[in-house]
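Inspection log for the structure reproduced underneath, given as structure tokens.
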Amino acid sequence: MKTPSLFRLAVILAIVVALFAGRALAADTSAMPAIVSNETSTQRDARMKWWREARFGLFIHWGLYAIPAGTWQGKPVAGIGEWIMNRGKIPVADYAKFAAEFNPVKFDADAWVRLAQGAGMKYIIITSKHHDGFAMFRSAASPFNIYDATPFKRDPLQELADACRKHGMKLGFYYSQAQDWHHRGGAASGGHWDKAAQDGDMDAYLHDIAVPQVKEILTKYGPIAVLWWDTPTDMTRERADLLAPLIKLQPGLITNNRLGGGYEGDTETPENKVPATGYPRDWEACMTMNDTWGFKSYDDNWKSGEKLIRTLIDIASKGGNYLLNVGPTAAGEIPAPSVERLQQVGVWMKRNSESIYATTASPFRRLEWGRATRKSGDAAAGRPGKLYLNVFAWPKDGALIVPMRGTAKKAYLLSAPSVALALTPSPAGLRVTVPAAAPDPISSVVVLEVAGPIDPLPPPPITAGGDGVIALGCDDADLSGKALRVEGNTQLNLTGWNSVESYAQWDVRIERPGTYRIAALYAVPSGQGGSDFNVTVGAVSLATKTEVTGGSFKSVVLGTVRVEETGPTKVTLRPAKISGAELMRLRSLTLQPVATP
Ligand code: H79
């Protein structure tokens with residue numbers, strides 16, 4: 001009895017597998033923009049391993065734009081420095097003349113690599129060609145390159161590749177594949193100020209310039225760890241298909257999500273912002289140290305060393321990498337303020353990098369005093385799991401409260417591992433008794449050795465402030481629905497309300513019953529207003545419609561509700577019928593008690 005039924009099962013299984021295989025084949029030939037890859041998730045994890053452990057890299061924007069350095073014909077050109085050709089509407093022939101004066105004799109690849117290494121960085125990504133079309137390497141595909149068009153007559157990518165290999169630093173190349181203001185047909189939608197020189201066929205540009213140059217950078221410089229595409233303007237699937245196969249030229253190459261044509265690459269790349277929460281896959285925040293990528297002589301708006309260090313910690317606590325930029329000068333030097341800051345980061349990393357490298361995202365949504373990262377343990381190897389608490393605001397009362405249930409095996413300062421800190425479980429969380437003085441003025445690391453999984457406590461319910469107003473921020477909300485997420489850097493907003501499944505919910509505690517006026521600070525672009533949505537406070541509900549705010553954020557009174565019950569309550573904002581692309585972008589919701597006579 002058993003054998004035949006098992007056999008029948010096997011036949012059915014075989015048929016099902018064949019059917020699915022057939023479907024997969026069918027999907028391959030369809031227009032689905034999913035890259036066909038036979039890499040298993042284990043292989044992928046192995047390929048991504050060094051990158052996930054690295055957490056910190058140096059971005060270098062270096063090119064001809066370092067010569068004008070933000071000034072054209074005696075006038076400052078607004079915006080990011082490497083865009084000066086575009087923003088200054090510099091004719092192609094005039095911009096090309098910078099090449100004759102480009103002689104960065106102070107360039108010292110070894111010093112750059114040592115600087116990055118000293119800062120605790122594990123990889124370097126340099127612009128091999130930016131939107132200005134100038135190749136920073138010796139290229140057979142175009143004479144507009146640093147070897148053939150300048151008095152410098154050196155190949156900085158070769159020198160950097162050699163220095164990286166010598167110091168065990170991973171090297172990656174940035175390449176602007178779709179936007180090239182110099183070569184005909186490469187200007188896409190970004191170039192239109194010098195039609196006579198820029199007009200041309202994009203496919204011819206890809207064929208003659210982008211494809212051969214990407215081949216060059218992936219074959220002439222030894223092992224390349226990352227290929228960093230940028231601005232996939234006008235990249236159709238067909239066009240991206242010309243470049244995508246080149247990725248195979250470097251085994252293990254990691255690519256970002258900016259090739260275009262539906263190729264997703266390996267990494268998300270938020271630019272100049274730290275997302276409020278992480279992403280569901282690998283991500284890297286690329287950020288400037290001042291307000292430009294390419295050197296601008298007068299941009300002195302430097303972020304402090306403390307800010308850079310805390311940004312690195314913040315990003316690591318959300319499971320991402322930090323790609324921090326420098327813009328070397330036309331002489332070939334990294335500006336002194338950047339060097340100083342990288343050295344400052346290095347001082348902190350020397351003592352505290354264990355809390356950064358090879359860590360994963362924090363188990364806590366938010367911590368009042370700082371950020372957390374973690375490392376899983378290995379019981380077989382006798383290695384405990386660790387929680388790294390990066391404390392920005394050192395407790396004045398000597399008690400660091402970690403909002404988790406239970407206790408830990410052991411706690412200590414990363415700077416003094418042999419001194420155990422007392423642990424006291426409490427309803428508010430695990431209390432770690434710490435010394436009065438912070439070991440580090442920027443961020444001090446407390447290590448918790450843990451046996452099993454961390455059990456975070458839910459954040460305390462939101463209560464009214466001194467003015468009686470209950471203020472609900474977007475990063476306090478529990479989010480439902482696939483697309484709903486928090487965006488923004490300092491000014492956060494909830495976005496992605498594209499279905500009735502998308503809703504936000506807040507845990508509040510009502511201390512005073514009464515009538516509350518509900519207002520929302522939101523943005524709805526023109527033509528997208530009139531969506532229906534509901535706000536529910538416990539058992540009472542309010543139905544309303546969105547107003548157009550014209551793209552900017554505006555505080556809109558939604559109505560009033562009468563709340564009878566005190567105690568823990570849920571406040572929910574949920575769409576009922578969406579008329580635009582999404583309901584709104586929401587910054588906050590407030591419940592203001594209405595004075596009753
Ligand atoms: O290489 C750096 C930027 O030059 C590049 N990506 C990073 C890593 C980049 N190219 N385009 N963009 C980023 C976004 C486009 C911004 C624009 Fe603008 C807004 C183009 C025109 C308006 C910024 C402001 C550039 C010129 C003015």
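We count ligands from 1, going down the list as the structure has it; atoms in each ligand are counted the same way.
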Worksheet item: Which ligand 1 atoms does I80 reach within 4.0 Å, using its non-hydrogen atoms?
Response: 4 (O), 23 (C), 25 (C)
Response to the item:
Between the NE2 atom in H130 and the CH2 atom in W181, the distance rounded to the nearest 0.5 Å is 7.0 Å
Worksheet item: When you look for heavy atoms under 4.0 Å from ligand 1, do you find them on the side chain of T127, its backbone, both, or neither?
Response: neither
Worksheet entry | W293, Y65, W228, W83: member with heavy atom nearest to atom 25 (C) of ligand 1 | W83
Item to complete: Please state whether H131 comes within less than 4.0 angstrom of ligand 1, counting heavy atoms only.
Response: yes
Worksheet item: Hey, looking at atom 8 (C) of ligand 1, which of R87, E271, M287 has the closest heavy atom?
Response: E271
Worksheet item: Going by distance only, is there an N or O of E82 that falls short of 3.5 Å from an N or O of ligand 1?
Response: yes
Practice prompt. Using distance alone, with no hydrogens and no angle criterion, decide if Y95 and D132 have a side-chain donor and acceptor under 3.5 Å apart.
Written response: yes
Worksheet, complete the sentence: Quick note on ligand 1: atoms under 4.0 Å from a heavy atom of H130 include exactly 1 (O), 2 (C), 3 (C), 4 (O)
Item to complete: Determine if the distance from atom 22 (C) of ligand 1 to the closest protein heavy atom is below 4.0 Å.
Response: no
Worksheet item: Is the closest N or O pair between H61 and ligand 1 shorter than 3.5 Å?
Response: yes
Worksheet, complete the sentence: The atoms of ligand 1 lying under 4.0 Å from a heavy atom of Y174, numbered in the order shown, are 1 (O)
Item to complete: Specify side chain, backbone, both or neither for N86, according to which of its non-hydrogen atoms lie closer than 4.0 Å to ligand 1.
Response: neither
